[in-house]
There are 2 protein chains.
Amino acid sequence: MGRMADSNRRTTSRRALYNRLRRMVLTLELPPGAALSENELAASLGVSRTPVRESLIMLAQDGLVQIFPKIGSFVSRVDPAQVADAQFLREAVELAALEDLPAELDPGVVAELRDNLEHQRGPELDLEEFFTLDEAFHQGLLRLSGHANAWTTVAAAKGHLDRARRLGLHEHASSAAFADQHTQIFEAVLSGDTDGARTAMRTHLRAVFSDIERIRAHSPQLFASDPGAVPVRRSVAVWE
Amino acid sequence: MGRMADSNRRTTSRRALYNRLRRMVLTLELPPGAALSENELAASLGVSRTPVRESLIMLAQDGLVQIFPKIGSFVSRVDPAQVADAQFLREAVELAALEDLPAELDPGVVAELRDNLEHQRGPELDLEEFFTLDEAFHQGLLRLSGHANAWTTVAAAKGHLDRARRLGLHEHASSAAFADQHTQIFEAVLSGDTDGARTAMRTHLRAVFSDIERIRAHSPQLFASDPGAVPVRRSVAVWE
DNA sequence: CGACAAGTGCTTGTATACAAGTCCTGCCCG
DNA sequence: CGGGCAGGACTTGTATACAAGCACTTGTCG
C-alpha cells in the first residue's frame with residue numbers, strides 16, 4: 001500500500017490511476033505479464049502520458065509492475081521467491097501478534113470477527129467476497145493485538161502473495177476449508193489458548209502456501225522463471 | 001528498497017537520483033522536514049524537473065517523502081507509529097528466523113559474522129561504519145536461516161526506524177553496548193541455543209527501541225506529531 | 001534462396017510550457 | 001492604526017514535443 005503518500009483532500013489523477021491500476025493488477029484483471037503501454041492507457045483513459053506514467057512508476061515501486069527502459073512496461077509475473085518471502089513475513093507477523101494479545105479483547109473487534117466468520121460460511125459466496133472477508137479476518141486479528149498499522153506494512157509486501165492466492169482460489173474453491181481453519185484460530189484466541197492459536201494459524205498459512213505451489217505447477221506461465229528476463233514484445237499478439 | 005524496479009543495465013537519471021536522494025534521506029543528510037523543491041533540485045543537479053519529480057514520487061511511495069499537491073514536497077518526519085510498526089515487524093521476522101535456523105550453519109556466513117563482530121569492537125568506529133556493520137550483522141543472521149530475501153522486504157519498511165536509530169546513535173554513541181548484545185546473540189546461535197538467542201535478540205531490539213523513545217523526547221521537532229499536518233512553507237526560512 | 005541492412009513503428013526517457021492552487025506581502029481604504 | 005483584498009512568487013499537476021533505443025519487417029543484394 002502506498003502508505004498514503006500525498007494524503008491530501010484533492011485527489012490528483014495520478015493517484016486515482018494508481019488506485020485503479022493497482023486494484024486491477026491485484027484482482028488479476030490485468031494478468032501477470034500483460035503489457036501496459038503508456039500511450040494506450042493515456043488514450044483510453046483520456047489523460048496525458050504524464051499521470052499514467054507516474055502511476056506506473058508508483059506501481060513499479062510496489063513491485064507490481066516492471067518497467068524496462070525503451071522496451072515496455074509489464075504487469076510483473078508472480079515471483080515465487082517474493083511469494084515465499086511474503087509468506088515467511090506474514091507468518092512471522094501474525095504469529096507474533098498472537099503472542100501479543102491483551103488479556104481483555106476488544107469486544108467490538110471480537111463481534112466483528114464473529115460476524116465475519118458467519119459470512120464466510122455463506123452458501124453463495126463470490127470469490128472476491130471471500131477474499132475480502134479473508135483479508136478482513138486476518139486484519140482483525142492484528143487489530144486485536146494492537147498492531148493494526150503493521151498490517152498495512154505487511155499488505156504492501158503482500159502483492160505477489162495475494163495474486164498467487166487469488167489464482168489458487170480461482171482454480172478450486174477451497175474456501176470452505178479455509179473458513180474452518182479461520183474458525184479454529186478464532187476459537188483458540190477466544191479461549192486464551194495462545195499455543196493453540198499459533199498452531200492453527202501456522203497450519204492455515206501453510207495450507208494457503210501449498211495451495212500456491214500446486215497452482216504454480218498448473219499455470220506456470222503466470223510465474224516468473226527468471227526475474228530478470230525481458231518479456232517479448234507481443235509480435236503477432238493475440239492480445240485482446 | 002525499490003526492489004530494483006527497472007532492472008536494466010542502462011541507468012536512467014531518474015534511478016540515479018532516486019538512489020542518491022534516498023541515501024541522503026536515510027543518512028539524515030536531508031533531515032526530516034526538509035523542503036525538496038523540484039525546481040531547486042533540478043537546477044542544482046542540471047536536469048529537468050521530470051526525473052527529479054519522478055524520483056520524488058518513488059521516495060514518496062517508500063514513505064520517505066511527503067508530497068502535498070500545490071504546496072510542496074518534504075522529507076517526511078519520523079513517524080512514531082511507523083517506527084513502532086517497523087520495530088514490531090522486525091522483531092517478528094528476526095525471531096522467526098532464529099526459530100528457522102538449520103542444523104548445519106553455513107560456515108561462510110558464520111565466518112563473516114565473526115569477522116563483522118570483531119570489527120564492531122574496533123576502537124575508532126565511525127557512526128556510519130557501525131551502522132553499516134550492524135545492518136550487515138542482522139542481515140547475516142537472516143541469511144543463516146535461508147531467508148535472505150525477506151530482509152530486503154523488511155528493509156523497505158524500515159526507513160523510519162533506521163532514521164530514528166541513526167538519531168539515537170548520533171546523540172550518544174552506545175555502540176559498545178550494542179556490540180555486546182550482538183555477540184551474545186551470535187554465541188547463542190552458534191551453540192544451538194534457540195531460546196537463548198531469541199531472548200537475547202528480543203532484549204537487543206527492545207533496547208534499540210527504548211533508545212528511540214529517549215531521542216524523541218530530546219528532539220521532538222524531527223518527529224511527526226500529526227501525520228496529516230502540512231508543514232508551513234519556509235517564510236523567512238533560515239534554511240542553509 | 002538466404003542473409004544482411006536499412007526502415008518503420010513502437011516503446012520509454014527527458015525537456016519544456018502552461019495550468020491551477022497556496023501562501024505571503026503589501027498596498028489601499030475605512 | 002487596523003482590516004481586507006489583490007497581486008505576486010512560489011509550489012506541484014498536467015499536457016505536449018522531441019530524443020533515444022529496441023524489435024520486427026521488408027527490401028535488396030550476393
Side-chain angles (χ1 to χ4, degrees), chain A residues 5-19 21 33-61 65-76 228-240, chain B residues 5-19 21 33-61 65-76 228-240:
Chain A
D6 322 65
S7 87
N8 240 19
R9 54 235 51 151
R10 175 87 74 274
T11 170
T12 72
S13 108
R14 158 176 97 234
R15 180 138 226 98
L17 277 178
Y18 167 71
N19 288 329
L21 290 175
L36 299 171
S37 161
E38 294 178 2
N39 284 317
E40 277 184 28
L41 286 173
S44 84
L45 296 172
V47 294
S48 81
R49 265 184 67 204
T50 306
V52 171
R53 173 181 177 73
E54 293 178 346
S55 69
L56 288 182
I57 289 174
M58 289 196 280
L59 289 167
Q61 204 64 3
V65 162
Q66 282 182 296
I67 301 175
F68 298 92
K70 313 298 177 69
I71 295 185
S73 302
F74 305 85
V75 177
S76 60
V230 179
V232 290
R233 188 177 300 180
R234 66 240 193 214
S235 36
V236 199
V238 195
W239 199 255
E240 118 184 43
Chain B
D6 328 64
S7 86
N8 240 18
R9 53 236 52 152
R10 174 86 76 273
T11 169
T12 73
S13 109
R14 160 175 95 234
R15 181 136 223 100
L17 277 179
Y18 167 71
N19 288 328
L21 290 175
L36 299 171
S37 162
E38 295 178 1
N39 284 317
E40 276 184 31
L41 286 173
S44 84
L45 297 172
V47 295
S48 81
R49 265 184 65 205
T50 307
V52 171
R53 174 181 177 73
E54 293 179 347
S55 67
L56 288 182
I57 288 175
M58 290 198 280
L59 289 167
Q61 204 65 4
V65 162
Q66 281 182 295
I67 301 175
F68 298 92
K70 314 296 176 73
I71 295 185
S73 302
F74 305 85
V75 177
S76 59
V230 179
V232 290
R233 186 176 302 181
R234 63 227 192 227
S235 36
V236 197
V238 194
W239 197 253
E240 117 183 46

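Below, chains carry the letters A, B, ... as their sequence lines are ordered, and counting in each starts from 1.
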Interatomic distance where CD1 belongs to A/Ile57 and P belongs to D/dG13 [whole Å] | 13 Å
Taking the side chain of A/Arg53 as heavy atoms from C-beta outward, which of D/dT14, C/dT22, C/dG13 is closest to it?
-> C/dG13
Select one nucleotide: of D/dT14, C/dT12, C/dA15, the one nearest the side-chain heavy atoms of B/Pro51.
-> C/dA15
Contacts of type salt bridge (charged side-chain N to carboxylate O under 4.0 Å, His left out), residue A/Arg49, not counting sequence neighbours = A/Glu38
Does B/Ser73 have a side-chain nitrogen or oxygen under 4.0 Å from the phosphate oxygens OP1 or OP2 of D/dT12?
-> yes
Where the side chain of B/Thr12 is concerned, which of C/dG13, C/dC23, D/dG13 is the nearest nucleotide?
-> C/dG13
5'-most contact on DNA chain D: A/Val47 or B/Leu56, nearest heavy atom basis?
-> B/Leu56
Distance in angstrom units between A/Glu54 CD and D/dA15 P, rounded | 10 Å
Please round to the nearest 0.5 Å and tell me the distance separating atom CZ of A/Arg53 and atom CD1 of B/Ile57.
-> 9.5 Å
Quick one: does B/Ile67's side chain get under 4.5 Å of A/Arg14's, heavy atoms only?
-> yes
Quick one: list whatever passes side-chain hydrogen bond (donor to acceptor under 3.5 Å, both in side chains) with A/Ser73, sequence neighbours left out.
-> none
CD of B/Gln61 to CG of B/Leu56: how many Å apart, nearest 0.5 Å?
-> 13.0 Å
Does A/Ser55 have any side chain to side chain contact (heavy atoms under 4.5 Å, CB included) partners at least two apart in sequence or in another chain, and if so, which?
-> A/Leu17, A/Tyr18, A/Leu21, A/Met58
Tabulate atom names and distances for all N/O pairs under 3.5 angstrom spanning the protein and nucleotides 16-19 of chain C.
none

Separation of atom CZ in B/Arg14 from atom P in C/dT14, rounded to whole Å = 7 Å
Round to a whole Å and report the spacing from CG of B/Leu45 to P of C/dA15.
-> 11 Å
A/Arg15 CZ to D/dT14 C1', in whole Å, measures 17 Å
Grab the CZ-C1' distance between B/Phe68 and D/dC10 for me, whole Å please.
-> 17 Å
So, is A/Asn39 close to the C/dT11 phosphate, meaning a side-chain N or O under 4.0 Å from OP1 or OP2?
-> yes
B/Ile67 has an atom CD1; how far is it from atom P of D/dT14, in whole Å?
-> 11 Å
Specify the separation, in whole Å, of atom CD1 of A/Ile71 and atom P of C/dC10.
-> 17 Å
Please round to the nearest 0.5 Å and tell me the distance separating atom CG of A/Leu59 and atom CD of A/Gln66.
-> 12.5 Å
